[in-house]
K.L.:
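Pasting in a structure now, in structure tokens, and then I'll have a few things to ask.
For clarity, every value in this text was computed on a predicted model and none was experimentally measured.
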Amino acid sequence: MPNELIIFLLVICCFFLFNIWRLVSKKKILLKHAILWSLLTIAIMIATLTTHFLKKISDFVGIQEVSNMIFLFGFLVLLVISFILTTTVSKQKMTLVTLTQELALTNKRIKEIENDKTSSKV
């Protein structure tokens, strides 16, 4: 891999890491998601610096080109991230349903109490 490409990728990764932690400090993303993206970015930086190691791994696995192996690993990582985000959304939906039901019951109780107070005043 040309040195210019390595430098470019490292600069992009550093910029991405900076933005991740800036968003965490502004409380725009959760720390657990920031850690996941940070680890992924650091893995990309390490892979960029160790292309000879990636060549050995791709030869061992039986993949002819290093770029094909990188795309395969990228696809697998994105699949895992999608699964993690899907579970998070599912948990949030269940929590939202529960909160909505509790709010409806609370509003009903408040109205019943208000009706009892108004009927007892009359």
K.L.:
Would M45 end up clustered with I81 when hydrophobic side chains under 4.5 Å apart are linked, directly or stepwise?
P.N.:
yes
K.L.:
Sequence neighbours excluded and cut-off under 3.5 Å, please list the side-chain donor-acceptor pairs for residues 28-38, or say none.
P.N.:
| residue | atom | partner | partner atom | Å |
| --- | --- | --- | --- | --- |
| S38 | OG | W21 | NE1 | 3.3 |
| S38 | OG | A34 | O | 2.7 |

K.L.:
Tell me which pairs pass salt bridge (Lys or Arg N to Asp or Glu O under 4.0 Å) where either residue lies in residues 7-17, with sequence neighbours left out.
P.N.:
none
K.L.:
Atom CG in L40, atom SG in C13: separation rounded to 0.5 Å?
P.N.:
8.5 Å
K.L.:
When you group the ILVMFWY residues by side-chain heavy-atom contacts below 4.5 Å and let the links chain together, are L76 and I57 in the same group?
P.N.:
yes
K.L.:
By the rule that ILVMFWY residues connect when side-chain heavy atoms come within less than 4.5 angstrom, directly or transitively, which residues belong alongside I7?
P.N.:
V11
K.L.:
Just to verify, what does F71 make a side chain to side chain contact (heavy atoms under 4.5 Å, CB included) with, not counting sequence neighbours?
P.N.:
none
K.L.:
Mind checking side chain to side chain contact (heavy atoms under 4.5 Å, CB included) for V80 and listing every partner two or more places apart, or none if nothing turns up?
P.N.:
I84
K.L.:
Taking side chain to side chain contact (heavy atoms under 4.5 Å, CB included) as the definition, give me every residue that meets it alongside V89, ordered by chain and number, with sequence neighbours left out.
P.N.:
none
K.L.:
How is the hydrophobic cluster of L96 composed, in terms of its other members, when Ile, Leu, Val, Met, Phe, Trp and Tyr link through side-chain heavy atoms under 4.5 Å apart, directly or indirectly?
P.N.:
none
K.L.:
Any side-chain heavy atom of I12 within less than 4.5 Å of one from I44?
P.N.:
no
K.L.:
Does anything in residues 72-95 form a salt bridge (Lys or Arg N to Asp or Glu O under 4.0 Å)? List the pairs, not counting sequence neighbours.
P.N.:
none
K.L.:
Rounded to the nearest 0.5 Å, how far apart are CZ of F8 and CG of L10?
P.N.:
11.0 Å
K.L.:
Just to verify, what does K55 make a salt bridge (Lys or Arg N to Asp or Glu O under 4.0 Å) with, not counting sequence neighbours?
P.N.:
D59
K.L.:
Taking only residues at least two apart or on different chains, which pairs with a member in residues 18-27 satisfy salt bridge (Lys or Arg N to Asp or Glu O under 4.0 Å)?
P.N.:
none
K.L.:
Mind checking whether K56 and F60 have side chains closer than 4.5 Å, heavy atoms only?
P.N.:
no
K.L.:
Using the rule that two of Ile, Leu, Val, Met, Phe, Trp, Tyr join whenever any of their side-chain heavy atoms come within less than 4.5 Å, decide whether L9 and L78 are in one cluster.
P.N.:
no
K.L.:
In Å and rounded to the nearest 0.5 Å, what is the CG to CD1 distance from L105 to I110?
P.N.:
11.0 Å
K.L.:
Would a hydrophobic clustering, with Ile, Leu, Val, Met, Phe, Trp and Tyr connected at side-chain separations under 4.5 Å, put I6 with F16?
P.N.:
yes
K.L.:
How would you list all residue pairs meeting salt bridge (Lys or Arg N to Asp or Glu O under 4.0 Å) that involve residues 104-114, not counting sequence neighbours?
P.N.:
none
K.L.:
Check whether F83 and L79 end up in the same hydrophobic cluster, where Ile, Leu, Val, Met, Phe, Trp and Tyr are linked by side-chain heavy atoms less than 4.5 Å apart.
P.N.:
no
K.L.:
Using the side chain to side chain contact (heavy atoms under 4.5 Å, CB included) criterion, which residues pair with E102? Sequence neighbours excluded.
P.N.:
T98, L99
K.L.:
Rounded to the nearest 0.5 Å, how far does OG1 of T48 lie from CG of L54?
P.N.:
8.5 Å
